[in-house]
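Have a look at the structure below before the remarks.
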Amino acid sequence: MPVIIFTLPDTDAVRESREVICTEACRVFAEILAAPVERIRAYIQILPAAQIAAGGGWLGLPDATLLAPFYQFFVLQDRATSQVQELHAAFTAILVTSLGIDRMEIRGICTRVSPADWAIGGITADRARKQELEARAGQE
């Protein structure tokens with residue numbers, strides 16, 4: 001279920017770091033949430049700098065220095081607050097290391113989703129969990 005979307009400006013540093021950012025985000029999700037990596041998704045949305053403003057300034061200016069990265073990640077609502085805090089720290093560290101920027105430029109949000117509102121293959125997570133538990137019980 002875990003999904004992260006990074007929204008980043010179109011710069012050389014971002015284009016060169018896309019693969020590392022996404023693969024590291026998947027690794028971090030799997031590690032912190034003890035989730036199977038095949039269920040994890042990581043995306044990067046790249047925007048032209050001329051479509052971004054941050055700190056009161058427009059990033060489309062030739063002398064703009066901010067990258068103003070933003071990320072949003074989604075987890076099921078029963079995830080512990082400590083896990084969410086670890087994820088924020090880890091995603092920030094990935095961007096700092098990959099892009100060589102100050103961590104104070106980075107903003108992020110976690111959205112917790114009810115299992116009844118999240119679907120995998122057209123089946124909501126609450127139903128999928130129930131089916132998985134029933135299948136395990138049948139094997140015993």
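Starting from 1, each residue takes its place in the sequence as its number. Because the structure is predicted, anything quoted here is derived from the model rather than measured.
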Approximate separation, where rounding is to 0.5 Å, of [X] [atom1] and [Y] [atom2]:
X	Y	atom1	atom2	result
L33	E86	CG	CD	9.0 Å
I46	T7	CD1	OG1	10.0 Å
Q45	D10	CD	CG	13.0 Å
H88	I106	NE2	CD1	12.5 Å
E24	E31	CD	CD	9.0 Å
L99	L8	CG	CG	6.5 Å

To check you understand the geometry: which heavy-atom pair defines the closest contact between [X] and [Y], and what is its length?
X	Y	result
A116	T124	O-CG2, 3.4 Å
P115	Q77	CD-OE1, 3.9 Å
V28	A90	CG1-CB, 3.3 Å
E105	A68	OE1-N, 3.5 Å
P69	I101	CG-CD1, 3.3 Å

Practice item. Could you please spell out the steps behind the ring pair (Phe, Tyr, Trp, His ring centres under 6.0 Å) verdict for F73 and F91? Key: CA-CA 10 Å; F73 65 95; F91 295 144; 5.2 Å; yes
Point to revise | Stepwise side chain to side chain contact (heavy atoms under 4.5 Å, CB included) test for R112 and L76 | key: CA-CA 5 Å; R112 295 172 188 252; L76 291 177; over 6 Å; no
Check your understanding: Short question: side chain of T92, backbone of R103 - any donor-acceptor pair under 3.5 Å?
Key ->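 No, the answer is negative, given that no donor and acceptor are paired below the 3.5 Å cut-off.
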Review point. For atom CZ of R15, is the number of surrounding heavy atoms from other residues, nucleotides or ligands below 6.0 Å larger than 12?
Key: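 It does: R15 CZ has more than 12 such atoms within range.
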Point to revise | CD/E134: more than 12 non-hydrogen atoms of other groups inside 6.0 Å | key: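 Counting other residues, nucleotides and ligands, CD of E134 exceeds 12 neighbours.
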Exercise for review: With sequence neighbours left out, write down each residue that passes side chain to side chain contact (heavy atoms under 4.5 Å, CB included) with R107, or none if nothing qualifies.
Suggested key: F70
Are [X] and [Y] linked, directly or through other ILVMFWY residues, by side chains that come within less than 4.5 angstrom of each other?
X	Y	result
Y43	Y71	no
I5	V20	no
V14	V96	yes
I52	F6	no
V84	I40	yes

Considering only heavy atoms from C-beta outward, does the side chain of [X] approach that of [Y] to under 4.5 Å?
X	Y	answer
I44	C22	yes
I120	R39	no
I4	R41	no

Review point. Would V75 and T111 count as a side chain to side chain contact (heavy atoms under 4.5 Å, CB included) if you check the C-alpha gap in whole Å, the side-chain angles of each, and the deciding distance to 0.1 Å?
Key: CA-CA 7 Å; V75 295; T111 301; over 6 Å; no
Check your understanding: How far apart are the C-alpha atoms of W118 and I123, what are their side-chain angles, what is the distance that settles it, and do they pass the side chain to side chain contact (heavy atoms under 4.5 Å, CB included) test?
Key -> CA-CA 8 Å; W118 186 262; I123 299 172; over 6 Å; no
Review point. What do the steps show when you test L87 against C110 for side chain to side chain contact (heavy atoms under 4.5 Å, CB included), and what is the final call?
Key: CA-CA 9 Å; L87 289 167; C110 171; over 6 Å; no
Point to revise | Basic-acidic side-chain contact under 4.0 Å: R129, D78 | key: yes
Practice item. Verify the ring-centre separation between F29 and F74: is it less than 6.0 angstrom? Key: no
